[in-house]
Each structure stands twice: as structure tokens, then as C-alpha cells.
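Just so it is clear: chains get the letters A, B, ... in the order the sequence lines come, proteins before strands, and each one is counted from 1.
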Protein chains: 2
Amino acid sequence: MGIADRKEREKTEMKRLIMDAAMRMFLEEGYEKTSIRNIAEKIEYSPATIYLYYKDKDELLYDVQRQAFEKLYQVFEKKAVNKHPFKRLEELGKAYIQFGLEQPDLYDLMFIIRSPMNKIEQEDTWENGDASLQFLLSIVEECMAQQLIRFQDKHVAALSLWSVCHGLVSLHVRCRLKVMSLDDNSASHAIYHALDQYLQMIKV
Amino acid sequence: MGIADRKEREKTEMKRLIMDAAMRMFLEEGYEKTSIRNIAEKIEYSPATIYLYYKDKDELLYDVQRQAFEKLYQVFEKKAVNKHPFKRLEELGKAYIQFGLEQPDLYDLMFIIRSPMNKIEQEDTWENGDASLQFLLSIVEECMAQQLIRFQDKHVAALSLWSVCHGLVSLHVRCRLKVMSLDDNSASHAIYHALDQYLQMIKV
DNA sequence: TGGAATACTGAACACTGTTCAGTAAGTTTG
DNA sequence: CAAACTTACTGAACAGTGTTCAGTATTCCA
């Protein structure tokens with residue numbers, strides 16, 4: 001069945017082609033400009049062709065999101081490496097925020113915009129973010145085992161840290177920190193400082 | 001100058017009519033369904049008429065956002081009333097989260113979606129959220145004066161609390177807490193619990 | 001080589017925000 | 001009062017969006 005295999009391969013290659021074009025477009029032009037028509041034009045196919053490989057735009061963006069989470073995970077693996085678990089937790093938080101500030105469009109897709117989550121509206125789990133969450137949880141667990149942080153429940157601890165980081169990044173990328181009269185530069189300084197303060201508070 | 005006055009009055013009344021229709025539409029149908037055409041239909045005017053009173057959709061939404069912040073402020077005034085400043089801070093955080101969970105569409109407009117912030121892209125202050133922030137700051141200030149919280153800087157403290165609350169609410173309303181396999185009910189429970197834990201951490 | 005399956009597309013549908021020429025009504029002036 | 005001017009409003013259009021579908025090539029298999 002060599003032909004069926006080749007067909008299968010070509011199908012996934014085409015999906016890849018579409019997804020990569022969408023990802024590039026997302027990074028270079030942002031969400032607003034990433035339309036089915038623009039993607040189609042970039043890969044030199046008709047817009048209708050995309051619908052032969054993806055049910056709708058949400059399903060395509062969900063795939064792009066998956067790829068974005070792989071990038072985040074790689075950043076985590078690279079930056080959260082310290083032997084001491086609490087230091088690793090600090091590195092993780094910093095890496096998360098840095099990722100959000102440097103890749104605001106990807107951050108949008110992963111954590112802010114509604115669109116790609118419609119695909120899993122019915123289900124109550126979301127596998128795209130799973131590996132990164134597990135990474136966070138394992139560090140939290142280790143911190144708790146050595147009694148380095150003042151939490152009783154690892155899920156609460158993870159949720160708390162994630163929320164602080166996400167709150168800071170998302171308020172910034174959506175310009176809400178303007179209420180504090182911070183320019184872009186001093187805002188990112190304030191964000192890292194707020195993270196440091198938070199980490200001090202949870203340290204036992 | 002009676003006629004000029006009446007004209008002026010009619011102009012603001014018309015703006016009010018448009019804004020109120022937009023607000024109702026926002027609450028009942030959400031952001032996606034709140035189109036210029038739908039608003040125009042609801043008030044029985046042509047879509048083009050709206051552009052005689054608002055430069056563009058962003059300017060209109062900015063006005064709706066202003067009204068939404070007035071609602072939030074009223075909630076703060078009603079719920080954050082305890083004599084003890086730290087208890088008032090707790091009440092404020094709870095009220096913020098409750099507001100976000102009960103009015104997800106308004107929360108969107110105030111803190112998540114890009115649209116109404118385009119209007120003030122150039123400026124670096126954002127008056128709509130100012131009163132509510134001042135409310136938070138005054139409580140934080142009082143807490144610090146009585147050495148009830150472990151912060152040195154009131155702005156950092158305010159940013160920290162706001163970020164935790166916003167992080168929790170926004171991750172929830174945008175379905176990202178699904179990664180933790182929480183259904184809607186247990187998610188809101190987890191959110192309030194995470195807030196409680198945070199408040200314990202910052203307490204001196 | 002003929003027929004079936006596959007891959008692809010042009011054109012259309014129903015939306016969106018926005019603009020603008022044109023009309024109708026209200027106001028001011030001669 | 002009538003003419004001229006001003007204001008308020010709208011229908012239709014433009015350029016864009018996601019999505020569907022009939023129809024056309026192309027490829028595959030008997």
C-alpha cells in the first residue's frame with residue numbers, strides 16, 4: 001500500500017505547510033492579519049483548499065497553538081535548570097514572563113484569545129498546555145517536598161504562580177498597565193519586580 | 001442660544017442612546033455579536049448614523065468601557081466597607097473576582113480585548129480605570145501604614161494583587177484553566193481559594 | 001483505455017467596519 | 001412668506017472576513 005502511505009504523508013505535509021504559513025503570518029503580522037485568505041495566498045493555494053485539511057480556522061489555530069506551546073516548553077527546559085528547586089521556580093517564572101513579553105502574538109494565541117479554544121469547548125481538558133503545566137507542577141512538588149514554599153496544595157501553588165505571571169503579562173500586552181502611567185520600558189521593569197516580590201512572599 | 005443648547009442636548013442624548021444599546025447588546029449577546037449594524041438596527045437608525053456620533057467602533061466601545069468601570073467602582077464602594085483595612089482589601093479582591101465571573105463580557109471589555117484601547121494607543125494614561133485603581137491604592141496605602149502587608153511600595157502591592165486577581169479571572173473566562181481538568185464549578189472554587197492563599201502570603 | 005476517486009478552485013453567501021454622495025428636514029436670512 | 005443655508009440622516013458601495021459548494025482538472029486502478 002505504498003500509494004496510500006504516500007497520500008497520508010502528503011496530507012500531513014500539506015497540513016504542515018498550512019500551519020507553518022499560519023505561524024509565520026502570526027509572528028510577522030499578528031492575529032488580525034492572519035486570515036484564511038492571506039495564508040492561502042502565501043502558500044499559493046485557494047482559500048477553499050485549506051478547508052480540505054482543517055475543519056475551520058479554529059482547528060488550524062489550535063494546531064498553531066500546539067506548536068507555540070512546544071516553543072514555550074523548550075524555553076522552560078533551557079532556562080529552568082538550577083539544581084535548587086526554588087531557584088528553578090524563579091527561573092521558570094522569569095522565563096514565562098520573558099516569553100510573553102518577547103512573543104506577544106504567540107502569547108495571545110496561547111493564553112488570551114478565544115478562538116482556538118472553541119475547538120475543545122465541550123471537553124474539559126486541554127492537552128496543548130499540558131506538558132508546560134506538568135513542568136511547573138513538578139518543580140512546585142519538589143519545592144514543597146523540601147518545604148521551600150508556603151503552600152499546602154501543589155495545584156493551588158501552581159495556579160497561584162501561573163496567575164501572577166499571566167496577570168502581569170496579559171495586563172501589559174493588552175495595554176491595561178497604562179492606568180499606572182508606566183511607559184513600555186518601566187512597565188516591563190515593574191513586571192519583573194512584581195514577580196520577585198511575589199516569590200519572596202511565597203518563600204518559607 | 002436655546003436652539004444651540006437643545007442641539008447640544010440632543011447630541012449627547014443620541015450618544016447615550018447608542019451607548020446604551022451597545023451596552024445592552026454587549027451584556028446580552030457578547031462582543032462578537034455587538035456589531036455596528038446590530039446596534040443600528042436595535043435603535044432603528046442606519047449604521048452610518050452611528051458614525052456621526054462616534055469616530056469609529058473603538059471610540060464607542062471606549063465609552064461603554066467607561067460605563068462598565070463605573071459599575072465596578074460601585075461594586076467596590078458597596079462591598080469593600082470593613083473598618084479594618086486588610087479585611088477591606090480581602091473584600092475588594094473577592095468583589096473584583098466575583099464581578100469578573102458574573103459579568104464575563106464586561107470583564108472582557110474592561111481588561112482583555114484590544115479594541116477599546118486603540119483609542120488611547122498614543123497616550124500613556126487610561127482614565128477609564130483610574131478611579132478603581134485609586135480605590136485599590138488607598139486601601140493598600142492604609143494597610144501599609146498599619147504594617148499589615150509585607151510590601152514596601154504601594155504601587156508594587158497594588159500591581160501584585162491586581163495581577164493575581166486578573167490572572168485568575170482571565171485564565172478562567174478564556175477557558176485556560178481547562179488544562180487543570182477543572183469543571184466550571186470547581187474552577188470558581190479554586191479561584192477564590194487561590195485568592196485566599198495569596199492574601200495569607202502577603203499578610204505580615 | 002474507461003471509469004472512479006481524489007485534489008483543487010472560482011464564485012458565491014452572509015457577515016464585518018467604514019465612507020460618501022445624495023436627500024430630506026430644520027433653521028436662518030432677505 | 002420664500003429662498004438659501006445648515007444639519008441630520010441614509011442607501012449603496014468598498015474592501016475585507018470565514019465558509020460552502022458545484023464544477024473541473026488530475027491521478028489512480030481495474
Next on the checklist: Holding to side-chain contact (heavy atoms from CB on, under 4.5 Å), I want the full list of residues that pass it with B:Ser186, two or more places apart in sequence or in another chain.
Outcome noted: B:Leu182, B:Asp183
Checklist entry - Within less than 4.0 Å of OP1 or OP2 of D:dC9, is there a side-chain N or O belonging to B:Thr49? => result no
Next on the checklist: What is the distance, to the nearest angstrom, from the CD atom on A:Glu41 to the P atom on C:dG10?
Outcome noted: 12 Å
Checklist entry - Taking CG from A:Leu52 and P from C:dA5, how many angstroms apart are they, rounded to a whole number? => result 18 Å
List every contact pair, protein side and nucleotides 16-20 of chain D side both N or O, where the distance is under 3.5 Å.
{"residue": "D:dT17", "atom": "OP1", "partner": "A:Ser35", "partner atom": "OG", "Å": "2.8"}
{"residue": "D:dT17", "atom": "OP1", "partner": "A:Asn38", "partner atom": "OD1", "Å": "3.4"}
{"residue": "D:dG18", "atom": "OP1", "partner": "A:Ile36", "partner atom": "N", "Å": "3.2"}
{"residue": "D:dG18", "atom": "OP1", "partner": "A:Lys57", "partner atom": "NZ", "Å": "2.9"}
{"residue": "D:dG18", "atom": "OP2", "partner": "A:Ile36", "partner atom": "N", "Å": "3.0"}
{"residue": "D:dG18", "atom": "N7", "partner": "A:Arg37", "partner atom": "NH1", "Å": "2.5"}
{"residue": "D:dG18", "atom": "O6", "partner": "A:Arg37", "partner atom": "NH2", "Å": "3.0"}
{"residue": "D:dT19", "atom": "OP2", "partner": "A:Tyr51", "partner atom": "OH", "Å": "2.6"}
{"residue": "D:dT19", "atom": "OP2", "partner": "A:Lys57", "partner atom": "N", "Å": "2.9"}
{"residue": "D:dT19", "atom": "O5'", "partner": "A:Tyr51", "partner atom": "OH", "Å": "3.2"}

Checklist entry - Over how many whole Å does the gap from B:Glu59 atom CD to C:dT18 atom C1' extend? => result 14 Å
Item to check | A:Phe111-A:Phe69 aromatic ring centre distance below 6.0 Å | outcome: yes
Item to check | B:Ile50 CD1 to C:dT16 P, straight-line distance once rounded to whole Å | outcome: 12 Å
Next on the checklist: Using side-chain heavy atoms (C-beta onward) and a distance below 4.5 Å, is B:Met25 in contact with B:Asn38?
Outcome noted: yes
Checklist outcome for this item: One should read off an interatomic distance between B:Leu17 CG and B:Tyr45 OH, to the nearest 0.5 angstrom, of 6.5 Å
Item to check | B:His166 and B:Tyr107 aromatic centres sub-6.0 Å | outcome: yes
Checklist entry - For D:dC9, does OP1 or OP2 lie under 4.0 Å from any side-chain N or O of B:Ser46? => result no
Next on the checklist: Distance check needed: C:dG17 P versus B:Tyr53 OH, whole Å only.
Outcome noted: 19 Å
Item to check | Non-neighbouring partners of A:Lys71 that pass side-chain contact (heavy atoms from CB on, under 4.5 Å), sequence neighbours left out | outcome: A:Met23, A:Leu27, A:Phe99, A:Leu106
Checklist entry - Is A:Glu142 salt-bridged to A:Arg88, going by a charged N under 4.0 Å from an acidic O? => result yes
Next on the checklist: So if I take residues 104-117 of chain B and measure heavy-atom distances to DNA chain D, which residues fall below 4.0 Å?
Outcome noted: none
Next on the checklist: Using a heavy-atom cut-off of 4.0 Å across all strands, would you classify A:Tyr54 as base, sugar-phosphate, or nothing?
Outcome noted: nothing
Item to check | Residue pairs fulfilling salt bridge (Lys or Arg N to Asp or Glu O under 4.0 Å) with at least one residue in residues 56-70 of chain A, sequence neighbours excluded | outcome: A:Asp63-A:Arg66, A:Arg66-A:Glu70
Next on the checklist: Please enumerate all residues that pass ring-ring contact (aromatic ring centres under 6.0 Å, His included) together with B:Tyr198, with sequence neighbours excluded.
Outcome noted: none
Checklist entry - In whole Å, what is the span from the CD1 atom of A:Ile43 to the C1' atom of C:dC8? => result 12 Å
